[in-house]
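Below is one structure, written out as structure tokens; comments come after it.
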Amino acid sequence: MPDKFLKPYDPSATESRIYAEWEGSGLFNPDECVKQGVTRADATPYSIVLPPPNVTGRLHMGHALMLAIEDIFIRFKRMRGFRTLWIPGTDHAAIATQSVVEKQIKKEENKSRHDIGREELLRRIEAFAAGSHDTIVNQLKTMGASLDWSREAFTLDETRSRAVRKVFKDMYDAGLIYRGHRIVNWDPKGQTTISDDELIYQEEKTTFYYLTYGPFTIGTARPETKFGDKYVVMHPDDPRYRQFTHGQTFEAEWINGPITATVIKDESIDMGFGTGVMTITPWHSHEDFDIAERHELDKEQIIDWYGKLLPIAGEFAGMKIAEARPLIIEKLRAKHLVAKEEPYTHNIATAERTGGIVEPQIKLQWFVDVNRKIEGRGKTLKEIMIEPVRFGDIRILPEYLEKTYFHWIQNLRDWCISRQIWYGHRIPVWYRGEEIVVGDAPASDGWIQDEDTLDTWFSSGLWTFSTLGWPEETSDFLTYHPTDLLETGYDILFFWIARMILLTGFTLGTIPFKTVYLHGLVRDAQGRKISKSLGNNLDPLDIAAKFGADAARMALVVGNTPGTDMRISEDKVKGYKHFANKLWNIARFILEQANASGRVIDTKTWSSGPERDQLPAREHELLDQSDALIKEVTTDIEEFRVYLAAEKLYHYTWHELADKILEESKPIFAGADETAKASRAALLLTLLTRTVKMLHPFMPFVTEEIWQSLPTKDAPYLMVAEWPA
RNA sequence: GGGCGCUUAGCUCAGUUGGUAGAGCAACCCGUUUACACCGGGUAGGUCAGAGGUUCGAGUCCUCUAGCGCCCACCA
């Protein structure tokens, strides 16, 4: 009986020691498992890539949940004899990281990125990212994640950069990446373009104005964009405007004097909205841009890159939108051009990272064309995204999110992949006069590289295969791709999952993963979202220090179905700390009995087979019960019901093994029948061995610590012991 | 405006293919008997949001209603 069992279980003293032992054994690496003979060389591979955390700071409980679930599958499969690989890594998270560092510099030195320059800014971001990286790695290890650190990757390192350049070039050559003047979401605060998915819509109460425009009345919530308007658009079938013909011009008194306007008839106009007629501002509206393209109309910029009015606004030039709007209305009123005003509520787009009010602008940008038929493939990128999910090659859990996925793809527009920030993969395009080189840098001098960087999701979209060494045909790539499981929060289904399916489908003609497991958001005890301003964040490191990583993992996993948000509180974690201690004491009691002096324990007779039929009825029954649990738990995990498996194990361990089986055994051990005692001790030892094995994926530390003291131990670490059957 | 989800014991949530309602926490009573007070034994508590339907049988499937929440969207 080792002395350690004389005290209550102390996770803080145990967990870091055990992790170091595991790491030292090298057994997180599947090659090492084969070399050490714990995994067969011809075993079926099983792989997961860790969704790379952003190097913007530290992990939160959502990450802890992700780690717990993934580690459960990884440890389960490893114990089941698979050649199991879990690859760690981090994401440079372009805009997010740069904006964190920029804010810091602004606060501490009152300087902008332009004050310190591209090179110096990048140096500072890299230093910051390195610090975050180290914190994150420490957190990952604290949670017990059995990641193969020898394969760690970073979205911005050289291997991953090579993959990015290659995919960019392949897509460019296929005509799927193009550069063009299009309406983009411009963030005047962050001074960059952002994608549709980086927008947050916020409700705004404002005024809707009806303005007199020549013979028409037009409606608008944005009078400040109207300076350059010289087209009125109406539906060709609108009877109210039958007397006007397409192309007809007329004179009108407008904000800064008389103008000549042209009538345009276009079917996109909704006759039922407002007056059924509108003027257009093609430079600052998606819809207006499309109309202007269809009819080859002039486009003029009204608002500059900092959100201020340009000289076309006359006396209002140089003003910010917010200050100009009331002045413009005042002037229009004075000219009797305001026909009517009414209160109006609509959603305005803001930038997720900076909070800036997004202004649609026409800009020369790089795009991925999602609607173009790919030569030789006969399908579009949209179809490449839809098919594997529709045909069941990729399974999304919970299933209902498949519908959301399809719905999103239907509404998908071309993906703007260029960003006007400095941290990230520089667009791999070089110019020299009229010449252009795409892909790897040209060998000769005199070329100028594109100033922009790529959307961060472009590189993370390659993650399942770039981490495996692609574009080289490495044995890792050939062995472990497609990966088996991708587990992440449902909030990045579109950002990331969809893009991985797109980029993998195009590049490799295959799928990136077979199953997508989407967990819900982790909220605080009151159900509120975790946010800095509320200060309701629980740091996984603090929680692990206080209650143990095992307890944190169980608290996050039990009863937590995919796709459903959950609440976490210290009290909940505390409950599972008690459970870890319970298990510890169960082990102590059983080992005491098994190690009692002179007692000979032979657990072999407890395995299945003819000996089992000789057992007393009660022993037989308890083994049957344990067998049944093994079956259920195994099936539950295989069917991704880890939330159920965890609950069943908890219940069995505490309320069957401890409360019933141990209690009914006490009189036996108090009796005089040595044969019965030895027999019962062997039974308990068998049940304990099976239980710690099954609990190991969920609570790796305490189970490993117990395992190291078990006489039934048949592998150097529980981590690589055989799953019970 | 379009799509999706939720509503089960005081609280937080399970309930896998339809077969007489479950867990944890909280509450109440009892208990320190050879692991564990980070404990044990016991008690109480639900017309499964509401209405209708399919079925021998529905928390589970279908329709509608109400409340809550999330996602998407260029209505000028």
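As a basis for the values below, the full set of heavy atoms in this structure was taken, side chains included, without hydrogen atoms, waters or symmetry mates. Chain naming here is simple, since letters A, B, ... match the order of the sequence lines and numbering starts at 1 in each.
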_Counterpart base for B:A76, defined by Watson-Crick or G-U wobble contacts under 3.5 Å_ = none

_Base, sugar-phosphate or nothing for A:F494? Non-hydrogen atoms, less than 4.0 Å._
sugar-phosphate

*Taking atom P in both B:A26 and B:C11, compute the distance separating them and give it to the nearest angstrom.*
15 Å

*Provide, to the nearest angstrom, the distance between the CG atom belonging to A:D524 and the C1' atom belonging to B:U12.*
13 Å

_Roughly how many Å apart are B:U7 and B:A14, using the C1' atom of each and rounding to a whole number?_
15 Å

_P gap between B:A37 and B:G22, integer Å_ = 31 Å

*Using the P atom as the reference point in each nucleotide, state the distance between B:C62 and B:C6 in Å, no decimals.*
11 Å

_Pair assignment for B:A51, Watson-Crick or G-U wobble, requiring both distances under 3.5 Å_ = B:U63

*Among the nucleotides B:C71, B:U16, B:C38, which one has an atom lying closest to any side-chain atom of A:R641?*
B:U16

*Which is true for A:Y201 with a 4.0 Å heavy-atom rule: it touches a base, it touches only sugar-phosphate, or it touches nothing?*
sugar-phosphate

*Expressed as a whole number of Å, how far does the P atom of B:G24 sit from that of B:A44?*
16 Å

_Separation of B:C36 P from A:Y576 OH (nearest whole Å)_ = 23 Å

*Between B:U16, B:A35, B:C38, which one does the side chain of A:N581 approach most closely?*
B:C38

*For B:C68, what is the paired nucleotide under Watson-Crick or G-U wobble rules, both distances under 3.5 Å?*
B:G5

*For the pair made of CZ in A:R413 and P in B:C74, what is the distance, rounded to whole Å?*
5 Å

*asked:* Between the base of B:A73 and the side chain of A:E287, is there a donor and acceptor pair under 3.5 angstrom?
replied: no

Is there any protein nitrogen or oxygen under 3.5 Å from a nitrogen or oxygen in nucleotides 21-23 of chain B, and what are the pairs?
none

*Give A:A658 one of three labels, base, sugar-phosphate or nothing, depending on what nucleic acid heavy atoms sit under 4.0 Å from its own.*
base

*Using atom CD of A:E639 as one end and atom C1' of B:A14 as the other, report the distance to the nearest whole Å.*
18 Å

*For A:Q593, answer base if it contacts any base atom (sugar-phosphate contacts may also be present), sugar-phosphate if it contacts only those atoms, and nothing otherwise; contact means non-hydrogen atoms under 4.0 Å.*
nothing

*Between atom NZ in A:K666 and atom C1' in B:C39, what is the gap in whole Å?*
10 Å

*asked:* From C-beta outward on A:K572, which listed nucleotide comes closest to its side chain: B:C39, B:U12, B:G2?
replied: B:U12

*Looking at every strand, decide which applies to A:G575 at a 4.0 Å heavy-atom threshold: base, sugar-phosphate, or nothing.*
nothing

*Point-to-point distance, once rounded to the nearest 0.5 Å, from CD1 of A:I497 to CE of A:M385*: 13.0 Å

*If you measure from the P atom in B:C30 to the same atom in B:C36, how many Å do you get, rounded?*
24 Å

*5'-most contact on RNA chain B: A:L401 or A:N347, nearest heavy atom basis?*
A:L401

*Using a 4.0 Å heavy-atom cut-off across all strands, classify A:L493 as base, sugar-phosphate, or nothing.*
nothing

*Between B:A23 and B:U33, how far is it from one C1' atom to the other, in whole Å?*
28 Å

_Using whole Å, what does the distance between atom C1' of nucleotide B:A73 and atom CG of A:N185 come to?_
13 Å

_B:A44: pairing nucleotide in any strand, Watson-Crick or G-U under 3.5 angstrom_ = none

*Give one of base, sugar-phosphate or nothing for A:T564, where a contact means two heavy atoms less than 4.0 Å apart.*
sugar-phosphate

Check: residues 542-560 of chain A side-chain donor-acceptor pairs under 3.5 Å, at least two apart:
| residue | atom | partner | partner atom | Å |
| --- | --- | --- | --- | --- |
| A:K546 | NZ | A:E570 | OE1 | 2.8 |
| A:D550 | OD1 | A:F701 | N | 3.1 |
| A:D550 | OD2 | A:F701 | N | 3.4 |
| A:D550 | OD2 | A:V702 | N | 2.7 |
| A:R553 | NE | A:F698 | O | 3.1 |
| A:R553 | NH1 | A:D71 | OD2 | 2.9 |
| A:R553 | NH1 | A:M143 | O | 2.9 |
| A:R553 | NH2 | A:D71 | OD2 | 3.0 |
| A:R553 | NH2 | A:P697 | O | 2.7 |
| A:N560 | ND2 | A:L556 | O | 3.1 |

*Contact class for A:T561 vs. all strands (heavy atom < 4.0 Å): base, sugar-phosphate, or nothing?*
sugar-phosphate

*Answer yes when A:D414 and A:R182 have at least one side-chain N-carboxylate O distance shorter than 4.0 Å, and no when they do not.*
no

*asked:* Tell me if the aromatic rings of A:F640 and A:F73 count as close, with their centers under 6.0 Å from one another.
replied: yes

*Distance-only donor-acceptor test, A:R567 side-chain atoms vs B:U12 base atoms, 3.5 Å*: no

*Please confirm whether any donor atom in the side chain of A:K582 sits under 3.5 Å from an acceptor in the base of B:C36, or the reverse.*
yes

*asked:* I need the CG-P distance between A:N585 and B:C39, as an integer number of Å.
replied: 10 Å

*Could you label the plane-to-plane angle of the A:W654 and A:Y650 rings as parallel, tilted or perpendicular, counting under 30° as parallel and over 60° as perpendicular?*
tilted

*Expressed in whole Å, how much space separates the P atoms belonging to B:G15 and B:C28?*
31 Å

*Mind checking who B:G10 pairs with, Watson-Crick or G-U wobble, both distances under 3.5 Å?*
B:C25

_Under 4.0 Å, heavy atoms only, any strand: does A:D659 hit a base, just the sugar-phosphate, or nothing?_
sugar-phosphate

*Assign the ring pair A:H295 / A:H246 to parallel, tilted or perpendicular, where the plane angle (0 to 90°) is split at 30° and 60°.*
tilted

*Which nucleotide, in any strand shown, forms a Watson-Crick or G-U wobble pair with B:G31, with both distances under 3.5 Å?*
B:C39

*asked:* Salt bridge or not between A:D238 and A:K265? Use side-chain N to carboxylate O under 4.0 Å.
replied: no

_Minimum-distance nucleotide (side-chain atoms of A:D636 versus B:A76, B:U16, B:C74)_ = B:U16

*asked:* Is the distance from the ring center of A:F250 to that of A:F244 below 6.0 Å?
replied: no

*So what does A:D270 touch, heavy atoms closer than 4.0 Å: a base, only the sugar-phosphate, or nothing?*
base

*asked:* Considering every strand and a 4.0 Å limit on heavy-atom distances, what is the contact class for A:K403: base, sugar-phosphate, or nothing?
replied: sugar-phosphate

_Residues A:R680 and A:E664 bridged, charged N to O under 4.0 Å_ = yes

*Pairing residues for A:W254 by the side chain to side chain donor-acceptor pair (under 3.5 Å) criterion, not counting sequence neighbours*: none

*asked:* Of the options B:C75, B:U12, B:C38, whose atoms approach the side-chain atoms of A:K577 most closely?
replied: B:C38

*In whole angstroms, how far is the C1' atom of B:C72 from the CG atom of A:L199?*
12 Å

*asked:* Let me spell it out: for each of A:N411 and A:N560, pick the nucleotide of RNA chain B with the closest heavy atom. Which residue's pick is nearer the 5' end?
replied: A:N560

*May I ask you to say what A:Y643 touches in the nucleic acid, namely base, sugar-phosphate or nothing, with a heavy-atom cut-off under 4.0 Å?*
sugar-phosphate

*asked:* Applying side chain to side chain contact (heavy atoms under 4.5 Å, CB included) to A:H519 and A:Y490, what does each step give before you reach the verdict?
replied: CA-CA 6 Å; A:H519 64 250; A:Y490 64 75; over 6 Å; no

*Approximate separation, where rounding is to 0.5 Å, of A:D10 CG and A:K577 NZ*: 7.0 Å

